[in-house]
Amino acid sequence: MQELLQAALSANNIVYTTLLIVVLLYWCTVIIGALDVNSFDIDVDVDADVDMDVDTDGDIHTTGWLMDTLSFLNFGKIPFMVLFTFIVLFAWSGSILANYYLGNGTLFFAFAILIPNLFMSLILTKIITTPLIPVFKDVNTDEEKVEYIGMPCEVIYDATFEKMGQAEVLFKSSNLRINVKTDKNDKIIKRGQKALIIDRVDDHFIIQKSK
């Protein structure tokens with residue numbers, strides 16, 4: 001135990017240990033009721049400067065790739081802090097083990113394994129949290145109460161038939177954000193344009209440009 005404590009507090013692992021302590025403190029506040037599990041949820045689009053218009057095909061494909069990647073990693077399907085907790089836990093464990101069995105105690109090694117460690121942590125988090133998606137979908141009562149089909153919306157992140165975008169729906173004075181793709185008849189619906197929600201497929205809605 002003392003050896004593990006020394007490893008956790010070493011320069012190579014101190015960042016991961018600090019994040020792990022933060023995560024543990026967060027879950028303590030959730031247990032006592034001071035915070036909710038959804039307190040730090042973020043939108044899948046990461047709101048990368050929503051004032052920036054996406055006009056080129058290259059930008060659209062890049063945005064779609066980012067959205068698809070985040071969705072693949074279960075962002076937007078699982079509360080952010082649940083995902084973050086598993087990522088930190090796996091990254092901390094990976095760093096401890098790698099530095100113990102393979103490392104030479106240098107910071108260079110710690111930086112060298114940073115990206116591989118993060119990648120493996122994301123993949124392991126994806127695997128471990130995927131079975132939890134139906135659980136959190138059932139408790140997401142706000143979304144289940146809304147009948148989106150037939151409602152108007154405003155696109156806030158460009159959507160195409162193949163690439164995911166996002167739109168906002170006004171419901172009871174609240175702006176609800178949903179993942180969307182276009183109907184096959186619409187090549188692209190850009191940010192700021194109005195659309196109509198016509199169907200739902202898996203984890204996103206199908207929209208059609210308003211006439």
Side-chain angles (χ1 to χ4, degrees), residues 36-84 86-87 122-123 125-211:
D36 183 77
V37 69
N38 295 312
S39 297
F40 296 99
D41 268 3
I42 60 174
D43 295 314
V44 176
D45 66 346
V46 195
D47 285 335
D49 191 4
V50 295
D51 292 328
M52 179 180 63
D53 290 325
V54 183
D55 293 325
T56 67
D57 288 340
D59 289 337
I60 293 170
H61 290 316
T62 300
T63 302
W65 176 85
L66 176 62
M67 297 284 292
D68 290 342
T69 300
L70 291 175
S71 179
F72 171 78
L73 294 172
N74 293 337
F75 284 88
K77 303 174 184 178
I78 300 289
F80 172 75
M81 284 306 297
V82 174
L83 292 171
F84 186 67
F86 280 110
I87 292 171
L122 289 170
I123 296 301
T125 298
K126 156 73 176 180
I127 294 171
I128 203 71
T129 59
T130 295
L132 301 177
I133 293 177
V135 176
F136 287 103
K137 184 177 181 181
D138 290 339
V139 300
N140 189 6
T141 55
D142 288 340
E143 181 172 341
E144 296 301 323
K145 290 178 181 178
V146 181
E147 179 54 57
Y148 287 98
I149 308 302
M151 294 183 68
C153 64
E154 180 177 340
V155 175
I156 59 171
Y157 228 78
D158 295 6
T160 72
F161 179 65
E162 296 179 344
K163 298 298 180 180
M164 192 90 72
Q166 287 201 335
E168 281 189 346
V169 179
L170 182 61
F171 180 75
K172 294 183 178 180
S173 301
S174 297
N175 289 321
L176 305 180
R177 188 167 296 190
I178 57 175
N179 295 325
V180 295
K181 289 185 179 180
T182 68
D183 177 71
K184 61 182 179 180
N185 295 321
D186 291 315
K187 182 178 180 181
I188 181 174
I189 301 181
K190 293 190 174 183
R191 174 177 175 267
Q193 292 185 318
K194 305 294 183 181
L196 182 69
I197 303 170
I198 61 174
D199 198 5
R200 179 170 187 167
V201 179
D202 297 328
D203 60 344
H204 65 277
F205 293 88
I206 305 299
I207 59 174
Q208 188 177 65
K209 188 180 297 183
S210 298
K211 298 179 180 179

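Worth saying up front: this structure is predicted, and the values here are computed from it rather than measured. Positions are given from 1, in the same order as the sequence printed here. Worth knowing before you read on, the calculation uses all heavy atoms, side chains too, and leaves out hydrogens, waters and symmetry mates.
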Full working for side-chain contact (heavy atoms from CB on, under 4.5 Å) between Thr130 and Asn74 = CA-CA 7 Å; Thr130 295; Asn74 293 337; 3.3 Å; yes

key: Nearest heavy atoms of Phe171 and Met151, plus distance in Å   = CD1-CE, 4.2 Å

Audit row: Glu154, Asn175, side-chain contact (heavy atoms from CB on, under 4.5 Å) steps and yes/no = CA-CA 10 Å; Glu154 180 177 340; Asn175 289 321; over 6 Å; no

Over all atoms of both residues, closest heavy-atom pair of Ile189 and Gln208 = CD1-C, 4.0 Å

task = Not counting sequence neighbours, which residues clear side chain to side chain contact (heavy atoms under 4.5 Å, CB included) with Ile149? List them please.
result = Glu147, Ile197, Arg200, Phe205

message = On a heavy-atom basis, which atom in Lys77 and which in Ile133 lie closest, and how many Å separate them?
response = CD-CD1, 3.8 Å

request  = Without swapping roles, check the side chain of Thr160 against the backbone of Lys163 for a donor-acceptor pair under 3.5 Å.
outcome  = yes

query = Looking only at heavy atoms, what is the nearest atom pair of Phe161 and Asp183, with distance?
reply = CD1-C, 3.9 Å

task = To the nearest 0.5 angstrom, please state how far the CD1 atom of Ile127 sits from the CZ atom of Phe86.
result = 12.5 Å

ask   = Measuring from Ile128:CD1 to Leu83:CG, what's the distance to the nearest 0.5 Å?
value = 12.0 Å

note = Taking every heavy atom of Ile207 against every heavy atom of Cys153, the minimum-distance pair comes out as CG2-SG, 4.0 Å

ask   = What distance separates His204 NE2 from Gln166 CD, expressed to the nearest 0.5 Å?
value = 12.5 Å

remark   = So OG1 of Thr182 and NZ of Lys190: to nearest 0.5 Å the spacing works out to 13.5 Å

ask   = Within the side chain of Lys126, is there an N or O that forms a donor-acceptor pair under 3.5 Å with the backbone of Phe72?
value = yes

request  = Please report the shortest heavy-atom distance between Met164 and Asn179, naming the atom on each side.
outcome  = SD-CB, 3.6 Å

remark   = The reported gap from OG1 in Thr125 to CD1 in Ile87 (rounded to nearest 0.5 angstrom) is 4.5 Å

